[in-house]
Amino acid sequence: MNAELTSLMGGSQSMSTWDYDCFYASVFEAENPALKSLPLAVQQKQIVVTCNYEARRRGLRKLQLIKEAKRICPDVVIMLGEDLTKFRDASKELHAFLKKNTWGNRVEKLGFDELLNRHDLQNSFFQLDKFDPTVGFAFDASTFCGPTYPAEPCPSVKEDGEQLWFSSLDVGLRLGSHLANYLRHQLEQHTPYTATVGISTSKLLAKLVGNLNKPRLQTTLRPPYSATDDGQGGNVASFLGQHEIGKIPGIGFKMAHRIRTHILGREPNLDVYEGLAEEDNVSVDVVRSFPGMGPVKLDEIFRGGGWPKDIGTKVWGLLNGVDDTEVAVGKAFPSQISIEDSYSQVDNLQSVRNELLPLTRKLLRRMHADLTEDEEGEELTTGHATVQAGRHLPVKRKKRWLGCPRTLRLSTRSRPPSLPDVGHQLHSNRISKSCPMPRFVFSFSETVEALAERLVEDTIVPLFRRLHPDKSGYKLSLINIAATNMMECAGSENSGVGQDIGAMFRNQGPRPTQFSNLPAVCSHRVTESHFDNQHHGLKHVVDGEVDQTRGDAAVLEWTSDEDGESENSATPHDECTICGAFIPWFAVQAHSIYHSVQT
DNA sequence: CTGGGGTCCT
DNA sequence: AGGACCC
């Protein structure tokens, strides 16, 4: 796709972050809907890792001690969530759900409960059939859908009904807000989950603005983003400026501490349990306007910390709302798999062995679940999926590895000497040793049980001896086993059709004349069969049928002097003569076809 | 007096 | 191998 055209259409300017509401708690509620009306907390060891909104109403919080939660809310229902299998499975489903509704596979995962979705507005928002939402949806581009920040438009941008165009940024974000709303409703219709969404132009801004209206809502960061000529500061600066410095994604505990120390001229309180003291809060605004502050000063503040070399520039960018990182393409398999458990105390080799065995079994099961597929291309969930009882003979399905970890890593964390010295939280205490992953673990003929025993004795115990050469004297509070250094296995057919139809489309045919034939209409999600290689373009899809009569209808005037990157470049739009909706120019034909197929 | 995961960079 | 960051 021509970058300027993409930008003109608002395509590259809109993305959303998806945050599943109290995710672990929702997984339990999906299993047992009776839990929805009760205060529900999910426990890992001594901690409430998350809780539902009924529990929050009664004062429970994430990362609260179980003791405290029980004291505050004696009738809290507590579910154990140390085994992440069901959460990971739900996370995969939700990732798949958004991917199948998104062009270009541009859905990036962040943890189990967060997704980043780069919008493709050329292909995503047309309503073809009001009885079949899978081929599009209706919208009215004269408004943002859902809450915005700020809630009302700035006076200088206020619509007066006479305005004939909005900035391309404005159009892109309006469409993004309608697309996100549509997808949220699809999510709620087809899955037991709800999400909170943020819509903006970058991961940074979309993530932060998404926090404003939780749960089950969405927020769009309104234009103008930059300062305008008439002296109005842009919404990016006013929005970002209020945030505490440590709340900015990319500025973690260590960098935030360094910055606060520099601004305050003293050490802030480090108490991890109490949180940051009010008087130690430092806002983005204060940092940005601090005398001498800039990329060079930030580099100086971070000196000696081991951060990447351009960290000052990167952080200065974040403070000013600049985040150029792309939404990554969704990966077929993770680049690392690890299993860990924590303990009160493990201090001899026999107990180490006892803990290692179940961890290793889990690791091998995860490798089979996440790194293999069967011959038909359907993913298997366990190594034993094919030997179910039943009237069939066990179907001997041939499995193969999609990705292979080349390295095995064993990590431990030692219990810190019991002095509650302030500041020892700052270093992690983890140490590790690695070795090549033995080939035998990739066998499909041996059982996981047998492989695990062999792996522990042959490989992991020797690693442990390297890690802790002293026979005793260790007091482990955590053991982690990881399969890392993942290599893609040969033969995976990840290139081509189905992975990124949009990319194929982009690389075909002459440009920009190709866009003369670009149908302004296509299904919200176009499947492979709708893709017509012969004609170097997409056919129109109406009620699931292919309509080849419109291919040359949309003639698009292409002017190369349009500045597609500027927020002020005009995107013309029109008012529909039938329903009066505001429609951007590139969607006008789609909209008229929508009316023509209505009965 | 913290969970069980992940990513990327040096 | 470790250390920052993310959820």
Side-chain angles (χ1 to χ4, degrees), chain A residues 17-20 22-24 41-50 61-69 80-88 91 95 108-116 203-204 207 210-211 246-258 270-275 302 304-311 314-315 318 325 328 331 333-344 359 362-363 366 370 407 409-413 415-416 418-422 424-435 463 466-467 477-486:
Chain A
T17 62
W18 291 63
D19 201 323
Y20 294 100
C22 41
F23 182 57
Y24 287 8
V42 180
Q43 174 180 15
Q44 286 173 338
K45 298 298 185 305
Q46 320 251 44
I47 297 286
V48 173
V49 288
T50 196
R61 296 286 166 241
K62 289 177 169 183
L63 302 187
Q64 206 165 30
L65 287 172
I66 287 289
K67 275 186 180 178
E68 200 181 344
L80 196 61
E82 290 167 13
D83 184 334
L84 302 189
T85 306
K86 65 171 78 170
F87 310 129
R88 187 155 31 230
S91 177
H95 190 199
E108 180 181 348
K109 247 168 85 93
L110 228 76
F112 284 4
D113 70 340
E114 206 177 304
L115 295 170
L116 305 148
K203 296 183 194 179
L204 204 220
K207 279 183 68 157
N211 292 331
K247 292 285 205 299
I248 304 302
I251 301 180
F253 185 85
K254 299 272 199 174
M255 286 198 292
H257 183 72
R258 292 260 186 133
L270 286 175
D271 194 331
V272 178
Y273 307 112
E274 300 302 318
F302 298 141
W307 282 284
K309 192 153 181 46
D310 58 341
I311 190 67
K314 192 192 138 193
V315 169
L318 294 177
T325 58
K331 290 157 53 169
F333 52 84
S335 47
Q336 171 190 311
I337 292 175
S338 76
I339 301 290
E340 69 187 48
D341 201 351
S342 56
Y343 314 93
S344 61
L359 288 176
K362 278 191 74 177
L363 180 69
R366 285 275 321 280
D370 292 355
T407 304
R409 185 185 64 210
L410 175 67
S411 312
T412 60
R413 188 223 289 146
R415 192 150 294 285
S418 58
L419 298 169
D421 143 51
V422 181
H424 80 81
Q425 309 280 359
L426 290 175
H427 74 302
S428 72
N429 258 354
R430 279 158 107 119
I431 56 173
S432 69
K433 293 287 177 198
S434 300
C435 70
L463 264 184
R466 276 211 281 142
L467 195 56
S477 63
L478 177 140
I479 300 175
N480 175 300
I481 309 174
T484 69
N485 197 8
M486 207 71 73

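Throughout, protein chains are lettered first and strands after them, A, B, ... in sequence-line order, and every chain is numbered starting at 1.
As a whole-Å value, the separation of A/Gln44 CD from B/dG4 C1' is 5 Å. Rounded to whole angstrom, the span from the CG atom of A/Asp83 across to the C1' atom of B/dG5 amounts to 12 Å. For the pair A/Asp310 CG and C/dC5 P, the interatomic distance rounds to 15 Å; values are reported in whole Å. Between A/Leu63 atom CG and B/dC1 atom C1' the separation is 13 Å, expressed in whole Å. Atom P of nucleotide C/dG3 and atom CZ of A/Phe302 are separated by 19 Å, given to the nearest angstrom.
Considering A/Arg409, A/Arg413, A/Glu340 as possible partners of A/Asn480, the one that fulfils the side-chain hydrogen bond (donor to acceptor under 3.5 Å, both in side chains) test is A/Glu340.
Among the nucleotides C/dC7, B/dG5, B/dT2, the one closest to any side-chain atom of A/Ile339 is B/dG5. Distances from the side chain of A/Trp307 to the nucleotides C/dC5, C/dG2, B/dT7 place C/dC5 closest. When distances run from any side-chain atom of A/Leu84 to the nucleotides B/dG5, C/dA1, B/dT7, the shortest one goes to B/dG5. With B/dT7, C/dC5, B/dC1 as the choices, the nucleotide that has an atom nearest any side-chain atom of A/Lys254 turns out to be C/dC5.
Within 4.0 Å of A/Gln43, counting heavy atoms only, lies no atom of the nucleic acid at all. A/Gly250 comes within 4.0 angstrom of sugar-phosphate atoms only, judged by non-hydrogen atoms across all strands, and of no base. Residue A/Lys62 is out of contact with every strand shown, counting any heavy-atom pair closer than 4.0 Å.
In the displayed structure, A/Lys314 atom NZ is contacted under 6.0 Å by at most 12 heavy atoms of other residues, nucleotides or ligands.
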